[in-house]
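Please read the structure below before turning to the comments.
All residue numbers in this chain count up from 1 along the given sequence. Atoms considered below: every heavy atom in the structure, side chains included; atoms not considered: hydrogens, waters and symmetry mates.
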Amino acid sequence: MTATARRMFELLEPICLVTYLADECNEELAALGHRTYWDGYFAGRAAPLGRVPAQVVHAAFYNFAEGEAARHIPSAWEKIPPEESVAARERGSAASVRRILGDELAGSPGLVRAADLTTKAATSAPTEGRMMYAGMRTLPVPSDPVARLWHSATMLREHRADGHIAALVGARIGGTEAHVLDALAQGIHPPETFGRIHHLPKKRLAAVMDGLRERGLVDTDGRFTDLGRETKQRVEALTDELAAPPYEALSPAELDELVAELEPLTAALAASGSQ
């Protein structure tokens, strides 16, 4: 099931990414009154947790620098109820998927079947220790097939992310450190130029790199050591293992069918860059 979890991540990720890369979701959130992309991001993604303080959002998201959540939470909810942000996020994301796929794929029996099977998996895993996944499980599953596919894919993404955080905590890798290791795994050097962290204060980034050097995870040039590469691989392997439980709800035949139905949808979304 570990290999299945990795394959499903590859197939479902382009569906989820429209939320962050395509225009429709941001436009829907802006229409509500969210002033910036990040106001909408934090308000929409954190809303299933309820009106929790910024410290809880920071803990649940894990990989944002200290204080970043507090710039948007709870101010993003002061005039816009969380429920409205959730609905806008779903509307915009489903609209993006529908536009990119076109009428033929978006209205196909294959998409309906993919949505049904993805939903079966996404609603079958235990919620213990899965804060973001548990929050999304409290939301109603959309009846529209395209929205249902996006919603269930995003549930599975949050389930995987909760497990990834557990793997990082177990390896004593902090959120910013995780971004550095991701950058190196993608061949980005120096890793401080990675888009998710390049805006952080230079002093903060230098401290993170110094800490990774002290632990033997990166060398003096800021590149992977053998130990660093092994640590990253171990975290990814455990993430796959922890992401497997939802797919145990599907029979081998259903898994094969889901892969077959998702492949043309994923190909179309990936070709567009989920935009």
Exercise. Under the ring pair (Phe, Tyr, Trp, His ring centres under 6.0 Å) test, which residues partner His159, sequence neighbours left out?
Worked result: Tyr133
If you take all heavy atoms of [X] and [Y], which pair is closest and at what distance?
| X | Y | result |
| --- | --- | --- |
| Thr123 | Thr119 | OG1-O, 2.7 Å |
| Leu21 | Gly273 | CD1-O, 3.5 Å |
| Leu269 | Pro14 | CB-CB, 3.9 Å |
| Val146 | Ala106 | CG2-O, 3.7 Å |
| Gly135 | Thr138 | O-OG1, 2.6 Å |
| Pro126 | Glu128 | CB-OE1, 3.3 Å |

Working to the nearest 0.5 angstrom, can you tell me the gap between [X] [atom1] and [Y] [atom2]?
| X | Y | atom1 | atom2 | answer |
| --- | --- | --- | --- | --- |
| Met155 | Arg137 | CE | CZ | 7.0 Å |
| Leu11 | Arg7 | CG | CZ | 4.0 Å |
| Leu117 | Leu149 | CG | CG | 10.5 Å |
| Thr36 | Phe42 | OG1 | CZ | 9.5 Å |
| Leu212 | Leu227 | CG | CG | 10.5 Å |
| Thr231 | Glu177 | OG1 | CD | 11.0 Å |

For [X], which residues count as a side-chain contact (heavy atoms from CB on, under 4.5 Å) partner, sequence neighbours excluded?
| X | value |
| --- | --- |
| Ile80 | Leu32, His34, Glu84, Ser85 |
| Ala244 | Met1, Ala5 |
| Ala134 | Thr127 |

Should [X] and [Y] count as side-chain neighbours, where that means a heavy-atom distance under 4.5 Å?
| X | Y | result |
| --- | --- | --- |
| Leu262 | Met8 | yes |
| Arg89 | Thr154 | yes |
| Asp182 | Gln186 | yes |
| Asp116 | Glu254 | no |

For this session: Report, as yes or no, whether the 6.0 Å neighbourhood of atom CG on Asp103 holds more than 12 heavy atoms from other residues, nucleotides or ligands.
Result: no
Exercise. Is Glu104 atom CD crowded by more than 12 heavy atoms from other residues, nucleotides or ligands, each under 6.0 Å away?
Worked result: no
For this session: Using the side chain to side chain contact (heavy atoms under 4.5 Å, CB included) rule, take Cys25 and Leu29 through it: C-alpha gap first, then chi angles, then the decisive distance, then the call.
Result: CA-CA 6 Å; Cys25 182; Leu29 289 164; 3.8 Å; yes
For this session: Might you work through the side chain to side chain contact (heavy atoms under 4.5 Å, CB included) test for Leu181 and Phe224, ending with a clear yes or no?
Result: CA-CA 8 Å; Leu181 301 189; Phe224 267 137; 3.8 Å; yes
In terms of hydrophobic clustering (I, L, V, M, F, W, Y; side-chain heavy atoms under 4.5 Å; direct or indirect links), are [X] and [Y] co-clustered?
| X | Y | value |
| --- | --- | --- |
| Val97 | Val141 | no |
| Trp150 | Leu139 | no |
| Leu238 | Val169 | no |
| Leu242 | Met131 | no |
| Leu12 | Met136 | no |

Problem set entry | Chi angles and distances behind the side chain to side chain contact (heavy atoms under 4.5 Å, CB included) call for Thr118, Ile15 | CA-CA 12 Å; Thr118 303; Ile15 299 170; over 6 Å; no
If you look only at distance, which donor and acceptor atoms sit under 3.5 Å apart when one is on a side chain in residues 191-208 and the other is two or more places apart or in another chain?
| from | atom 1 | to | atom 2 | distance (Å) |
| --- | --- | --- | --- | --- |
| Thr193 | OG1 | Pro190 | O | 2.7 |
| His199 | NE2 | Glu68 | OE2 | 2.8 |
| Arg204 | NH2 | Thr176 | OG1 | 3.4 |

All salt bridge (Lys or Arg N to Asp or Glu O under 4.0 Å) counterparts of [X], not counting sequence neighbours:
| X | answer |
| --- | --- |
| Asp210 | Arg213 |
| Arg91 | Glu28 |
| Asp144 | Arg98 |

Let me check something: any side-chain donor-acceptor pairs from residues 108-115 under 3.5 Å, sequence neighbours excluded? List them with distances.
| from | atom 1 | to | atom 2 | distance (Å) |
| --- | --- | --- | --- | --- |
| Ser108 | OG | Leu105 | O | 2.8 |
| Ser108 | OG | Leu111 | N | 3.2 |
| Arg113 | NE | Glu257 | OE1 | 3.3 |
| Arg113 | NE | Glu257 | OE2 | 2.9 |
| Arg113 | NH2 | Glu257 | OE1 | 3.2 |

Any side-chain to backbone donor/acceptor pair from [X] onto [Y]? Under 3.5 Å, distance only.
| X | Y | value |
| --- | --- | --- |
| Arg223 | Leu184 | no |
| Ser152 | Ala122 | no |
| Asp240 | Thr2 | no |
| Thr19 | Cys16 | yes |

With a 3.5 Å cut-off and sequence neighbours excluded, list the donor-acceptor pairs that the side chains of residues 43-51 form with protein atoms.
| from | atom 1 | to | atom 2 | distance (Å) |
| --- | --- | --- | --- | --- |
| Arg45 | NE | Glu158 | OE2 | 2.8 |
| Arg45 | NH1 | Tyr41 | OH | 2.9 |
| Arg45 | NH2 | Glu158 | OE1 | 3.0 |
| Arg51 | NH1 | Trp77 | O | 3.4 |

For this session: Could you list all the ring pair (Phe, Tyr, Trp, His ring centres under 6.0 Å) pairs where at least one residue sits in residues 240-275, not counting sequence neighbours?
Result: none
Would you give me the side-chain donor-acceptor pairs under 3.5 Å for residues 56-64, sequence neighbours excluded?
| from | atom 1 | to | atom 2 | distance (Å) |
| --- | --- | --- | --- | --- |
| His58 | NE2 | Glu66 | OE1 | 3.4 |
| Tyr62 | OH | Ile173 | O | 2.6 |

For this session: Mind running salt bridge (charged side-chain N to carboxylate O under 4.0 Å, His left out) on Glu236 and Lys232 for me, showing each step along the way?
Result: CA-CA 6 Å; Glu236 293 303 319; Lys232 173 63 172 171; 2.9 Å; yes
Exercise. Can you check side chain to side chain contact (heavy atoms under 4.5 Å, CB included) on Val18 and Arg99, steps first, answer last?
Worked result: CA-CA 11 Å; Val18 300; Arg99 169 180 57 79; over 6 Å; no
